[in-house]
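Note sheet for the following structure.
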Amino acid sequence: MSTTSVAYGDTHPLQRTRWSRYRHALWLLTTRDLKVRYSTSALGYVWSVLDPLVMAGIYWFVFTQVFQKPVGTEPYIVFLLSALLPWMWFNGAVSDSTRAFLKDAKLVRSTMIPRTIWVNRIVLSKGIEFVLAIPVLALFALLAQATVSWQLVLFPLAILIQAVLTAGVALIVAPLVVFFRDLERAAKLVLRFLFYASPIIYGTTDLPEGLQFWAAFNPLTGIFGLYRAGFFPDQLIWFEVAVSAVMSIAFLVVGLLVFRGSVRQVLKEI
């Protein structure tokens, strides 16, 4: 007797597990966002890498050509991009999460899918854009003849920790903005401060000794160190990575608690 395999997409929704249905809905909404974003733009994918490239070019010019101030590690353009690209993921996801419920209020109210999907789809879509921008980092590393070490295998670990952190922060921000609309602008100010407070255009070793220890408690510090480790092994400090991992999990737990405790009231407000 022959058996016929059934594709996941052909499976009846009621035959799927709860987790499978969640993943299916999350993927559908994420791909919809990406298609809408790229279909309405003539340059499409280019825009996802153009912004960080322009920023990297500006900082490279300022610190290497104008002031010639030694920050980071050479090749500096690779040092910059290895933290700037993941920063764009974090910044974009948190910024867009401030409008996660307000933008699609009718759909959020009328559908029965878990409401965390409306936040996680933003984190996932921005994460996909980040992954699609990795070839740009590889290209500059090749052109700058950057040395590659075995620590490059830690890159996926950095992605995992950042995904946890970003989802946690977004789950906190998204419902609170519904109650306090000024938080949308406040979030942008905090993100602007966090950009300069994070080791993006500099490394933690460039900070005064008194600040290096406290810099580790910025959860992005250890994450950026993991991203850079494949090209700059001295940027990998396991204490910072451990702090980032613990804080990321803590943010995710707090985010889930805040979200679950406020989602009913959010549905009434939007």
Side-chain angles (χ1 to χ4, degrees), residues 49 52-53 55-65 67-91 93 126-166 168 194-251:
V49 296
L53 280 179
M55 290 179 65
I58 292 172
Y59 287 116
W60 173 84
F61 179 77
V62 169
F63 287 108
T64 64
Q65 305 301 311
F67 295 114
Q68 296 182 347
K69 181 175 177 60
V71 292
T73 307
E74 291 296 334
Y76 186 58
I77 189 67
V78 178
F79 184 88
L80 265 176
L81 285 173
S82 56
L84 195 56
L85 290 176
W87 164 259
M88 299 303 291
W89 173 16
F90 179 82
N91 179 73
K126 293 296 182 180
I128 292 174
E129 288 185 346
F130 163 66
V131 171
L132 293 176
I134 291 177
V136 176
L137 173 61
L139 176 62
F140 275 91
L142 184 64
L143 293 175
Q145 298 181 338
T147 303
V148 179
S149 65
W150 69 266
Q151 285 92 338
L152 192 64
V153 300
L154 298 174
F155 212 90
L157 178 60
I159 293 176
L160 176 62
I161 297 176
Q162 182 173 350
V164 172
L165 173 65
T166 308
L194 190 59
F195 174 84
Y196 293 102
S198 301
I200 299 173
I201 59 179
Y202 58 85
T204 53
T205 54
D206 296 313
L207 295 171
E209 291 186 7
L211 293 178
Q212 290 181 18
F213 173 78
W214 298 108
F217 292 92
N218 175 348
L220 292 172
T221 298
I223 294 173
F224 292 160
L226 279 173
Y227 283 122
R228 283 172 168 155
F231 305 105
F232 313 100
D234 61 311
Q235 296 296 313
L236 179 59
I237 302 174
W238 284 108
F239 172 71
E240 295 177 353
V241 175
V243 171
S244 293
V246 172
M247 292 187 67
S248 297
I249 294 173
F251 269 107

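It should be emphasised that the depicted structure is a prediction, and the values quoted were computed from it without experimental measurement.
- Atom CG of Leu85 and atom CD1 of Ile200 lie 10.5 Å apart (nearest 0.5 Å).
- The closest donor-acceptor contact from the side chain of Thr221 to the backbone of Glu240 lies at 3.5 Å or more, if one exists at all.
- The aromatic rings of Tyr227 and Phe130 sit perpendicular, their planes meeting at an angle over 60°, well past the 30° parallel limit.
- In this structure, the side chains of Leu165 and Leu220 come closer than 4.5 Å at one or more pairs of heavy atoms.
- Between the side chain of Tyr76 and the backbone N or O of Phe61, no donor-acceptor pair lies under 3.5 Å.
- With Asp206 contributing its side chain and Gly203 its backbone, the two residues share a donor-acceptor pair below 3.5 Å.
- Residue Arg228 holds its CZ atom at 10.5 Å from CG of Asp234, rounded to the nearest 0.5 Å.
- A donor-acceptor pair under 3.5 Å links the side-chain atoms of Ser149 to the main chain of Ala229, judged by distance alone.
- Here Phe195 contributes atom CZ and Met55 contributes atom CE; the two are 4.0 Å apart, rounded to the nearest 0.5 Å.
- The CG atom of Asn91 lies 9.0 Å from the CG atom of Leu194; values are rounded to the nearest 0.5 Å.
- In this structure, CG in Asn218 is found 10.5 Å from OG1 in Thr204, a value given to the nearest 0.5 Å.
- Atom-to-atom distance recorded for Ile159:CD1 and Ile223:CD1 is 11.0 Å, nearest 0.5 angstrom.
- Aromatic pair Phe140/Phe231: centroids not less than 6.0 angstrom apart.
- Checking side-chain atoms of Ser82 against main-chain N and O of Phe79 turns up a donor-acceptor pair under 3.5 Å.
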